[in-house]
Trainee: 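Right, I'll just put the structure down here and ask away after.
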Amino acid sequence: MSEPTGKYSITMPRDIAEAARTRSGPSGLSAYVAAAVARQIERDNLNELIQVAEAEHGPITDDEIQALRDQLHQARQEQNRGGANAA
């Protein structure tokens with residue numbers, strides 16, 4: 001069952017609204033805008049978590065970020081190899 005909905009009036013630049021309407025496809029503009037707002041809320045929440053973590057542990061260095069990206073890349077490669085071997 002989906003979440004209850006409400007009807008809201010928002011104001012945005014016309015060119016952005018038209019681009020969103022064009023891209024919204026069969027789900028419609030309301031679903032497209034709701035998904036965009038949900039993604040923004042996720043980003044805002046993540047940024048708040050990062051601020052709290054950095055306040056407690058110090059800023060994350062570029063080297064730490066790259067090391068985590070490398071780990072993620074390696075895990076994806078291993079996952080893809082495992083999927084190919086399983087077939």
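What you see below is based on every heavy atom in this structure, not just the backbone, and it leaves out hydrogens, waters and symmetry mates. These numbers were taken from a predicted model, which means no experiment stands behind them.
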Trainee: Starting at OG1 of Thr22, measure out to CG of Leu29 and round the result to the nearest 0.5 Å.
Mentor: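 Going from OG1 on Thr22 over to CG on Leu29, the span is 9.5 Å.
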
Trainee: Among all residues two or more places apart in sequence or in another chain, which pass the side chain to side chain contact (heavy atoms under 4.5 Å, CB included) test with Pro13?
Mentor: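 Side chain to side chain contact (heavy atoms under 4.5 Å, CB included) check on Pro13 returns Asp15, Ile16.
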
Trainee: Who passes side chain to side chain donor-acceptor pair (under 3.5 Å) against Gln66, sequence neighbours left out?
Mentor: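 Gln66 satisfies side chain to side chain donor-acceptor pair (under 3.5 Å) with Asp70 only.
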
Trainee: For Gln71, check side chain to side chain contact (heavy atoms under 4.5 Å, CB included) against everything at least two apart and list the hits.
Mentor: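 Leu68.
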
Trainee: Quick one: does any side-chain atom of Glu64 pair with a main-chain N or O of Thr61 as donor and acceptor, under 3.5 Å?
Mentor: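 The answer is yes, because a donor-acceptor pair under 3.5 Å joins these two groups.
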
Trainee: Rounded to the nearest 0.5 Å, what's the gap from NE2 on His73 to CD on Gln77? Could you check?
Mentor: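 Answer rounded to 0.5 Å: 3.5 Å.
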
Trainee: Assess, by modelled atom type and distance only, whether the side chains of Gln40 and Asp44 contain a donor and an acceptor separated by less than 3.5 Å.
Mentor: yes

Trainee: For the CE atom of Met12 and the CD atom of Glu18, what is their distance to the nearest 0.5 Å?
Mentor: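 If we round to the nearest 0.5 Å, Met12:CE and Glu18:CD are 10.0 Å apart.
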
Trainee: To the closest 0.5 Å, what do you measure between CG (Leu49) and CD (Glu54)?
Mentor: 11.5 Å

